[in-house]
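Each residue takes its place number in the sequence, starting with 1.
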Amino acid sequence: MKILYVLLMLSLLIVSCKRDHKSDAYGNFESREIIVSALASGQLVNLNIDEGQVVDSGIVVGNIDTTSLMIQKEQLIAKKDAILTKFSNISAQAKTYEEQLKVAKTEKERITKLLKDGAATSQQMDDINGKIKVLEAQIVSVTSQDPGVSKEAVSIDKQIDLIDYQLKNCKIVNPVAGTVLTKYVEQSEVVSIGKPIYKIADLKSMYLRVYISGNQLSTVKIGQKIKVLIDNNSKKMKELEGVVTWISSNAEFTPKIIQTKEERVNLVYAMKVKVINDGSLKIGMPGEVVFE
């Protein structure tokens, strides 16, 4: 019985040693998570997502109430219409004065001829010249209002553009294709600008963050394909292919939850390995890598 127990312990020790020898680094899987926040304030009138749901990028998943913004936009449009009417009146008035000025100038030409023939008086010439000056002054006065009215109309247009931008922000657009991890708010709740609405991540590709010692830096490089191992059952590890996408340039103290090939190592370098998810990888799942 003692011999059997000793053999069993030796076999477990051998398996353990082989496993420690086989793997060069250990870590946990993570994903690139994005927290989608509100870009406007108001009541969340609808939110069509659930945790675990796969959502495509560019899809409108919810809307924030736009009632007050629409009222403001209608007020601005009415104000702009009034300004345009004012502009039209100014233009019409200026044209009236211009027509009167043409008639006055024609009258002046006629009086000039009559004056040469002695059929008109100097008073008539003075009167027509005075009338022409008055009409010219009125035209200048009326047309000088155009720039102010135009600037006012441009200002209204800019305010309408701002309202349109705010209305656009009331639509909650999903930025990336992925799986909804966490939902922070529910429909009918009031949200403010910057308030998190949900967290999403693309789980088609996962990243195994592992830590390696300085001695191992020479054995890996960015873009290198390496073997990734995950728990499959009590007797066998599942093998996947990974690609090194990032290696930290700064050393850090060994995290307590991370094992390393050399237990005496105090400083390690973080490294990320991209792995295509076949459905078996989950956030936080432990993994191992083999460089050779």
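Between the side chains of N250 and Y269, no donor-acceptor pair is found at a separation under 3.5 Å. S213 and N215 form no side-chain donor-acceptor contact under 3.5 Å, judged by distance and modelled atom types alone.
Between I200 and T179, every side-chain heavy-atom pair lies at or beyond the 4.5 Å cut-off. Using a 4.5 Å heavy-atom threshold, the side chains of L208 and V228 count as touching. With contacts defined as side-chain heavy-atom distances shorter than 4.5 Å, the pair V173/V61 does not qualify. The shortest side-chain heavy-atom distance between E241 and I276 does not fall under the 4.5 Å cut-off. At a threshold of 4.5 Å between non-hydrogen side-chain atoms, the residues Y184 and K199 count as touching.
Residues Y207 and V243 fall into different hydrophobic clusters, defined by Ile, Leu, Val, Met, Phe, Trp and Tyr side chains chained together at heavy-atom separations under 4.5 Å. Note on V54: it does not cluster hydrophobically with I34, by side-chain heavy-atom contacts below 4.5 Å among ILVMFWY residues. In the hydrophobic clustering of this structure, I222 groups with I212; members are Ile, Leu, Val, Met, Phe, Trp, Tyr whose side-chain heavy atoms approach within less than 4.5 Å, directly or through other members. A single hydrophobic cluster is seen to contain both L44 and V55, as judged by linkage of ILVMFWY side chains at heavy-atom distances under 4.5 Å, directly or through other members. Two different hydrophobic clusters hold V60 and Y198 under the rule that ILVMFWY side chains link at heavy-atom gaps under 4.5 Å.
Judged by distance alone, with hydrogens and angles left aside, the side-chain atoms of E33 form no donor-acceptor pair with the main-chain N or O of A201 at under 3.5 Å. In this structure, N46 contributes its side chain and N63 its backbone to a donor-acceptor pair below 3.5 Å. For the pair S23 (side chain) and E288 (backbone), a donor-acceptor distance under 3.5 Å is absent. Side-chain atoms of N232 do not come within 3.5 Å of backbone N or O of K236 as any donor-acceptor pair. At least one donor-acceptor pair closer than 3.5 Å links the side chain of E189 to the backbone N or O of E186. Using modelled atom types, one side-chain atom of Q216 and one backbone atom of D24 make a donor-acceptor pair closer than 3.5 Å.
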So K79 and E152, salt bridge (charged side-chain N to carboxylate O under 4.0 Å, His left out) or not? Walk me through it. CA-CA 10 Å; K79 189 175 181 181; E152 193 174 352; 5.2 Å; no
What do the steps show when you test I197 against L47 for side-chain contact (heavy atoms from CB on, under 4.5 Å), and what is the final call? CA-CA 9 Å; I197 297 176; L47 185 61; 4.0 Å; yes
Please lay out, stage by stage, how I226 and V273 fare under the test side-chain contact (heavy atoms from CB on, under 4.5 Å). CA-CA 8 Å; I226 59 177; V273 181; 3.6 Å; yes
Would V45 and I64 count as a side-chain contact (heavy atoms from CB on, under 4.5 Å) here? Give the steps. CA-CA 6 Å; V45 293; I64 297 171; over 6 Å; no
Could you walk me through whether L240 and D278 pass the side-chain contact (heavy atoms from CB on, under 4.5 Å) check? CA-CA 9 Å; L240 299 170; D278 60 357; 3.8 Å; yes
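Remark: K168 NZ to T66 OG1 distance equals 15.5 Å, nearest 0.5 Å. The CZ atom of R209 lies 5.0 Å from the CH2 atom of W246; values are rounded to the nearest 0.5 Å. Atom OG of residue S68 and atom CD of residue Q166 lie 8.5 Å apart, to the nearest 0.5 angstrom. Rounding to the nearest 0.5 Å places CG of L39 at 8.5 Å from CD1 of I172. Between K131 atom NZ and K105 atom NZ the span is 13.5 Å, to the nearest 0.5 Å. Here CZ of F29 is found 8.5 Å from CG of N277. Values are rounded to the nearest 0.5 Å.
Across C170 and L69, no two heavy atoms sit closer than the pair SG-CD1, 3.8 Å. Among all heavy-atom pairs drawn from A270 and E252, the shortest one is CB-OE2, 3.8 Å. The minimum heavy-atom distance between S57 and P175, with the atom names listed, is CB-O, 3.6 Å. The minimum heavy-atom distance between I83 and A153, with the atom names listed, is CG2-CB, 4.0 Å. Nearest heavy atoms, I156 versus L76: CG2-O, 3.4 Å. Of all the heavy atoms in S41 and I193, the pair that sits closest is OG-N, 3.2 Å.
The salt bridge (Lys or Arg N to Asp or Glu O under 4.0 Å) check on D56 picks up nothing, with sequence neighbours excluded. Evaluation of the salt bridge (Lys or Arg N to Asp or Glu O under 4.0 Å) rule for R110 yields E107 as partners, not counting sequence neighbours. D50 is linked by a salt bridge (Lys or Arg N to Asp or Glu O under 4.0 Å) to K183, counting only residues two or more places apart in sequence or in another chain.
A salt bridge between D161 and K73 is absent, with no side-chain N of the basic residue lying under 4.0 Å from a carboxylate O of the acidic one. One finds no salt bridge joining K238 and D231 here, because no Lys/Arg side-chain nitrogen approaches an Asp/Glu carboxylate oxygen to under 4.0 Å.
In this structure, Y165 places its OH atom where only 12 or fewer heavy-atom neighbours from other residues, nucleotides or ligands lie under 6.0 Å away.
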